[in-house]
Amino acid sequence: MTYIPKHTDFSLSPFTGLTRDSWIDAGKYLLGGVFGNLTDKSMPLVMPRAETEVTYPHLRDPEKEQDRQRRAEIFEGLTRSFLIGSVLIHDDPKLTLADIPVTEYYRDHILRACTPGDTEYVGTYSGLKEMLGLSGFVFFQQTVETCALVIGLWACREEIWATYSAEEKQQIADLLMDYAIHDTVPQNWRLFNMLDLAFLAMEGYPIDERIMYDHAQAILSYYAGDGWYRDGHSFDYYSCWAFQFYAPLWNLWWGYDHAPELARAFEANSNTLMETYGRFMDRDGFINMWGRSNIYRNAATSAFDGNFLLKNPAADPGWSRRICSGALLQFLTRDDFLINGIPSLGFYGQFTPLVQGYSCAESPFWLGKAFLALHLPKEHPFWTARENEGDWAKLKKGEVLETVLNGPALCITNHEATGETILRTGKVMKQPGDRHGMWNYAKLCFHTKYPWEASPVENGKQREDVESRQYVLHDLTSGTYSRGNAVLWGGEKQGVLYRRLFFDYDIKTEEHWIQALNLADLPVRNGILRADRIRLPIRPVEFTLGSFGFPDNGTRVEHRTNDGAKAILLYGRDHTGQERKLAMTVYTGWEELDLIRSRGTNPDSEYSLIIFAKMSLCHQYDASEPYVLVSQVITGEDHIPFTDEEVFPLKELCFHDRYGTGAYGPVELLFRDGVKKIIDYDGIEGSLSL
């Protein structure tokens, strides 16, 4: 059963119909599925597992380690569901779900989780370290969940925290403090320790402010500009659902009063994010499947709520709610979203290729962060402002809005013609062979309506030679395949985005720089056009390039040609029945254009199609062979046939022989509508950044 809101108001919310009461309905829908798995109120919130090979508890680990993981899972199920439960409890302290009194349940099980000797005791940091015989730097999943716990206790303080005795509070505080002052992962995890300490200080417990300041200055040092923080090595939604949600909470709880300069910096960074963050979602409010932990889904919208916690928020409340509600509907209206009554380990339905080993069955409830917007009172502008489409409403018919953020190396294009948003990324470095990491980060672009596809499986066998929205290099001498695992950012110049893609980049080897492509791409009305140049090829090699994965639920395939250019067009529907269309066109450099039928590799549909292009470089040191690969992928959400002008937008393609080699000069693209673009790769070497 999918979520159907009981309360709607299309005068207040003309695009989604959702109101604050609709969100409460949605919270009950999700939490009801959790409690529906309990046969009595004494059971912990450990949910049925739909997957056992990747997620924890890892069944092949030693017994002591499995015991630690079971404790972590108990805590994760309790605290992450409490992100939703806390705001529902505050709204209705007498709430009952599946015949279980929700307030009473959380009050009892939170205390049990912090009580030594109880079967649900999750253990202290010190105790777990001693039990496992560990020394030196270590960290535990419980540190993450203590932060979810204190947020929930804050959101329903009067209903739960205030009802504990002084002794019970002390028992909970002791566990929180032990995690707050000990080791943590030196990236977004520092914020967990900061919020634990801030909550305890807010409740009158003495804290070590040296630890607080150390974490806070480190968090600010991760700031890369344009509103984005670098999380560890990567840029992804952790910048938004962690840094830009926790830091405003920290300001509210502790920073404004005790560290005003740090608080001002966190506030300024949040407001800078709000200048462009709405553009990362599409016109429907859909978020992109990008980066790790995609099972957290619409938690990415919690950055808007975080901004409204600040003294001087910059977010547009009407556009913010339209995005948050649209992202909520993106998932809750899917009939494959729930498995065993809880969110699947996937983006839509169950999809193991995107799942990390640090997740368990209860992990998707990190999306509960989106529901913390319910802590905003009914009269807050987030709930009372009329929905609007923000920057989308300012676009002219067929216009593309491009936003280039050099700090985090992110480029967003909002396509008015389709309402879709495409994200292009840089500053990506994954280990050679880390196909999972490359899917998450190193795709050439990410699309709100075409989530990334794993390596295609055709007739039960995985294809090694093709990836969706990625290049694959085939060394014809060794027979090996390699993928672009490193993307360096070159920046934007005259409407063209430049990047460098390395294949099997490994700094430990002397050959890490050999096989590469200079990427040059630009937005067109319905998608992205590429004019990429091969750099330093060692022949003989083949290159392939795939389109987005296309959901195959009955697809019409069309082939077209035009003055030497080739195109394959697809018309079909996604899992929900929404009409979809896609076309891939190839110009110079490419020799073949073909189609793969895959199964079990697309997060939207069991069956899928990938169009792919192929070319070969056979002779060493032969500059007469093609170096520039020109292609285009366009999409749409209807079955109106693509016009030839859309499929074949180039009127003329000219190569300027700057060096007299026939290979290295600028490329001039003259479009049918009269627009001219110059692709000039010179200078990219000096501007690359990671």
Side-chain angles (χ1 to χ4, degrees), residues 20 23-24 27-28 30-32 34-35 38 40-46 71 74-124 142 144-180 192 195-207 249-250 252-254 309 362 365 368-369 371-378:
R20 192 173 187 276
W23 275 73
I24 291 173
K28 292 177 180 177
L30 285 172
L31 208 58
V34 173
F35 281 90
L38 306 182
D40 64 71
K41 64 181 182 180
S42 68
M43 294 178 63
L45 288 178
V46 175
R71 295 176 191 232
I74 288 171
F75 207 25
E76 193 159 338
L78 178 68
T79 59
R80 295 196 179 193
S81 65
F82 191 41
L83 292 170
I84 302 175
S86 60
V87 287
L88 296 183
I89 287 168
H90 187 63
D91 182 76
D92 179 11
K94 296 182 179 179
L95 176 66
T96 298
L97 295 171
D99 297 323
I100 295 175
V102 177
T103 303
E104 178 187 340
Y105 181 90
Y106 280 107
R107 188 194 184 284
D108 291 347
H109 285 265
I110 289 169
L111 191 60
R112 290 183 63 184
C114 302
T115 302
D118 194 286
T119 55
E120 293 186 22
Y121 180 52
V122 300
T124 60
Q142 281 89 328
V144 181
E145 311 316 326
T146 57
C147 185
L149 175 58
V150 296
I151 293 172
L153 289 173
W154 165 77
C156 63
R157 186 184 185 282
E158 295 82 4
E159 292 78 19
I160 291 185
W161 177 255
T163 67
Y164 289 126
S165 67
E167 292 77 14
E168 290 170 331
K169 288 180 179 178
Q170 187 65 57
Q171 191 169 302
I172 297 170
D174 287 344
L175 183 136
L176 292 173
M177 185 67 78
D178 198 53
Y179 283 101
F192 307 146
L195 284 189
D196 288 351
L197 290 169
F199 176 81
L200 292 168
M202 186 169 55
E203 292 301 325
Y205 295 91
I207 65 168
L249 264 178
W250 181 83
L252 186 66
W253 291 2
W254 201 81
L309 292 168
E362 299 76 22
F365 278 98
K369 286 184 178 182
F371 285 84
L372 287 165
L374 288 168
H375 77 80
L376 299 171
K378 295 178 181 179

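Hydrogens, waters and symmetry mates are skipped; everything else that's a heavy atom, side chains included, is used. All residue numbers refer to positions in the sequence shown, counting from 1. Only a predicted model underlies this, so the values are computations on that prediction, with no experimental measurement involved.
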Within-4.5 Å side-chain heavy-atom neighbours: [X] and [Y]:
X      : Y      : result
Thr146 : Phe199 : no
Leu31  : Ser81  : yes
Phe365 : Leu83  : no
Met177 : Ile207 : yes
Leu88  : Phe371 : no
Leu95  : Lys28  : yes

So, does Gln142 use its side chain to make a donor-acceptor pair with the main chain of Val122 at under 3.5 Å?
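Looks like yes, one N/O pair under 3.5 Å.
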* Asked: Would a distance-only check, ignoring hydrogens and angles, find a side-chain to backbone donor-acceptor pair under 3.5 Å from Thr79 to Ala148?
  ->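 Side chain of Thr79 to backbone of Ala148: no pair is present.
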Q. Does the pair Leu176 and Tyr205 meet the rule for a side chain to side chain contact (heavy atoms under 4.5 Å, CB included), with working shown?
A. CA-CA 11 Å; Leu176 292 173; Tyr205 295 91; over 6 Å; no
Not counting sequence neighbours, which residues clear side-chain hydrogen bond (donor to acceptor under 3.5 Å, both in side chains) with [X]? List them please.
X      : answer
Thr115 : Gln171
Asp118 : Arg112
Trp254 : none
Asp40  : Ser42

For Lys378, what residues pass the salt bridge (charged side-chain N to carboxylate O under 4.0 Å, His left out) criterion, not counting sequence neighbours?
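With neighbours one apart ignored, the set is empty.
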message = My understanding is that only residues two or more places apart in sequence, or in another chain, count here; which of them pass salt bridge (charged side-chain N to carboxylate O under 4.0 Å, His left out) with Glu203?
response =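 Residues passing salt bridge (charged side-chain N to carboxylate O under 4.0 Å, His left out) with Glu203: Arg157.
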Under the ring pair (Phe, Tyr, Trp, His ring centres under 6.0 Å) test, which residues partner [X], sequence neighbours left out?
X      : answer
Phe82  : Tyr106
His375 : Trp154
Tyr105 : Phe35, His109

Write out all pairs satisfying salt bridge (Lys or Arg N to Asp or Glu O under 4.0 Å) with one or both partners inside residues 165-178, taking only residues at least two apart or from two chains.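 Qualifying pairs, neighbours excluded: Arg107-Glu168.
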If you look only at pairs with a residue in residues 80-101, which of them pass as a salt bridge (Lys or Arg N to Asp or Glu O under 4.0 Å), with sequence neighbours excluded?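 Non-adjacent pairs meeting salt bridge (Lys or Arg N to Asp or Glu O under 4.0 Å): Arg20-Asp91, Glu76-Arg80, Arg80-Glu145.
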Q: Quick one: list whatever passes side chain to side chain contact (heavy atoms under 4.5 Å, CB included) with Pro206, sequence neighbours left out.
A: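 For Pro206, no residue satisfies side chain to side chain contact (heavy atoms under 4.5 Å, CB included) once neighbours in sequence are set aside.
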Quick one: do Leu197 and Trp250 satisfy side chain to side chain contact (heavy atoms under 4.5 Å, CB included)? Show the steps, please.
CA-CA 9 Å; Leu197 290 169; Trp250 181 83; over 6 Å; no
